[in-house]
Amino acid sequence: MKAVGVIVEYNPFHNGHFHHLQETKQKTEADCLIAVMSGNFLQRGEPAIVSKWARAKMALAAGIDIVIELPYAFAVQAAEQFAHGAVQLLAAIGCQELCFGSESGEISAFLSAAETWLEQKETFDSLIRTGLARGQSFPKAAAEAWQKFGAAPLDLSQPNNVLGFAYVKAIRQNRLAMAPRTIPRIAAGYHDESFSHPSIASATSLRKTLRQTGQLESIAAYVPPAALEQLRQYRETYGRFHDWEVYFPLLKYRLLIATEADLRRIAGVEEGIEHRLKQHIAHAETFAAFIAAVKTKRYTWTRLQRLCAHVLTNFTKEEQAKAANPTYIRLLGMNETGRRYLQQVKKHLALPLVAKAAKLNGNPLYEQEKRAAAVYAAAFSEPLYSAALKEEYATAPIYASGIERK
């Protein structure tokens with residue numbers, strides 16, 4: 001069976017994601033489609049709108065055959081570390097190809113850019129350091145560094161291009177036997193906050209609309225029925241969706257009781273930013289106001305969100321340094337096609353496949369995952385807090401019976 005991988009967050013799953021999956025199946029002729037998905041906290045440092053279990057169900061209903069989890073130590077990171085963990089897991093489970101969405105839509109541009117980067121990595125990194133020293137953010141410094149190579153074949157000011165470039169670099173750098181492909185992103189940009197197409201909208205605009213209206217009907221045209229039903233069920237069960245404002249009281253408490261020395265141990269706390277965190281937290285009344293006050297050219301909104309996630313989960317620089325590579329494949333869900341694929345390859349996987357979380361106790365990557373789960377569940381009062389926390393340890397991989405791709 002030919003396995004093709006996708007790297008996803010589904011926050012939430014929408015029609016643009018469905019288009020990507022349909023195109024991926026058609027262009028790759030995959031027998032088994034495998035998604036590596038961020039857990040409860042995401043690449044841009046945000047808490048997922050609903051749990052990983054709810055999002056795994058959305059993925060399976062849309063045609064994904066296997067869903068595995070990208071551990072927190074890789075999920076809540078800048079593009080390079082995020083990509084490194086994700087492609088390693090897809091390679092470990094046997095994917096022959098990776099198919100990602102991008103603004104470019106041309107894989108030749110990514111391959112050319114990766115070759116140039118591999119040949120001139122030292123020069124590229126030096127240009128980035130120069131940009132950072134001038135006070136630029138990392139994305140801006142990287143985009144400017146790339147332009148200085150001459151005729152840039154890839155626009156690295158676009159977010160999905162940045163991630164795609166990181167995926168292709170990670171595949172080449174790790175010498176993985178996995179061919180990259182890309183599908184052009186259609187209709188809505190990654191950061192678009194409004195609806196400009198009758199059926200395609202960004203996840204950003206969907207979350208914003210839900211926050212403003214509180215009505216699932218307001219996004220119904222942009223989300224597959226099965227995904228909309230998962231959102232409805234989640235809110236009926238837990239009474240809310242997740243965003244940073246839900247966790248702001250907990251973040252404020254953590255920052256108020258932490259010393260600056262404590263904060264310097266946290267991953268992402270560099271260059272004296274702990275002073276600004278302590279300076280502004282006492283007076284901020286919302287997460288948005290706090291980040292706006294702390295933000296600098298070097299510390300972008302996204303970088304600060306990741307840092308704040310690390311503060312909440314107590315993810316330290318030491319732990320980050322030790323998280324060099326994934327050490328397990330955690331199965332979140334599968335359908336019958338996925339089950340047959342795993343039966344075929346399970347004896348040849350590069351990493352242990354884990355279905356029961358208890359088997360991971362003591363694993364450093366999973367110990368961090370447990371802390372992230374505890375923070376995520378803190379959005380609820382009892383008895384829902386304990387119920388949500390139990391999901392992390394007690395939930396068996398979802399088996400989507402009756403859903404098999406022919």
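The model shown is predicted, which means the values in this text are computed figures rather than measured ones.
- When atom types are taken as modelled, the side chain of R298 and the backbone of L132 share a donor-acceptor pair closer than 3.5 angstrom.
- Using a 4.5 Å heavy-atom threshold, the side chains of Y299 and L307 count as touching.
- No more than 12 heavy-atom neighbours from other residues, nucleotides or ligands sit within 6.0 angstrom of OH on Y253.
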Worksheet entry | Check against salt bridge (charged side-chain N to carboxylate O under 4.0 Å, His left out), E245 and R211 | CA-CA 11 Å; E245 297 302 342; R211 284 195 300 270; over 6 Å; no
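- Taking the six-membered ring where tryptophan is involved, the planes of H242 and Y247 are essentially parallel, since the angle between them stays under 30° and well short of 60°.
- The main-chain N or O of K52 is found under 3.5 Å from a side-chain atom of N40 such that the two form a donor-acceptor pair.
- Closest heavy-atom contact between A372 and T313: CA-CG2, 3.8 Å.
- Checked by atom type, the side-chain pair S102/T182 shows a donor-acceptor distance below 3.5 Å.
- Salt bridge annotation for K278-E274: absent, with no cationic side-chain nitrogen under 4.0 angstrom from a carboxylate oxygen.
- At distances below 3.5 Å, at least one donor-acceptor pair connects side-chain atoms of W244 with backbone N or O atoms of G45.
- When only modelled atom types and interatomic distance are considered, Q22 and Q26 share no side-chain donor-acceptor pair under 3.5 Å.
- Taking the six-membered ring where tryptophan is involved, the planes of F248 and F290 are tilted, since the angle between them lies from 30° to 60°.
- For the 3.5 Å distance criterion, the side chains of Q343 and R340 fail to qualify, holding no donor opposite an acceptor.
- Atom CD of residue Q368 and atom CG of residue L365 lie 9.0 Å apart, to the nearest 0.5 angstrom.
- Test L360, L351, L89 against Y328 for side chain to side chain contact (heavy atoms under 4.5 Å, CB included) and you get one pass: L360.
- A salt bridge links E97 to K2: one of the charged nitrogens lies within less than 4.0 Å of a carboxylate oxygen.
- In this structure, a donor-acceptor pair under 3.5 Å is present between the side chains of E392 and Y366.
- Side-chain N/O atoms of T302 and R44 include a donor and acceptor closer than 3.5 Å.
- Side chain of R240 to backbone of A379: a donor-acceptor contact under 3.5 angstrom is found.
- Taking the six-membered ring where tryptophan is involved, the planes of Y10 and F13 are perpendicular, since the angle between them exceeds 60° and thus also 30°.
- Counting only distance, with no hydrogens or angles, the side chain of R276 and the backbone of A293 share a donor-acceptor pair below 3.5 Å.
- Between H14 and H17, the ring center distance clears the sub-6.0 Å criterion.
- Salt-bridge annotation for E319 and K322: absent, with no side-chain N of the basic residue lying under 4.0 Å from a carboxylate O of the acidic one.
- Counting non-hydrogen atoms of neighbouring residues, nucleotides and ligands closer than 6.0 angstrom, the CZ atom of R265 reaches no more than 12 such neighbours.
- Note that K169 lies in the cation-pi zone of F165, set by a 6.0 Å cut-off to the ring centre and a 45° limit from the axis.
- Here the side chain of N15 pairs a donor or acceptor atom with the backbone of S199 at under 3.5 angstrom.
- Under the 3.5 Å distance criterion, the side-chain polar atoms of R55 are matched with a main-chain donor or acceptor of G39.
- Judged by distance alone, the side chain of E9 and the main-chain N or O of Q43 form a donor-acceptor pair under 3.5 Å.
- A donor-acceptor contact shorter than 3.5 Å is absent between the side chain of N160 and the backbone of E103.
- Within 6.0 Å of CD in E29 there are 12 or fewer heavy atoms belonging to other residues, nucleotides or ligands.
- Of the possible donor and acceptor atoms, one in the side chain of R371 sits under 3.5 Å from a partner among the backbone N and O of N314.
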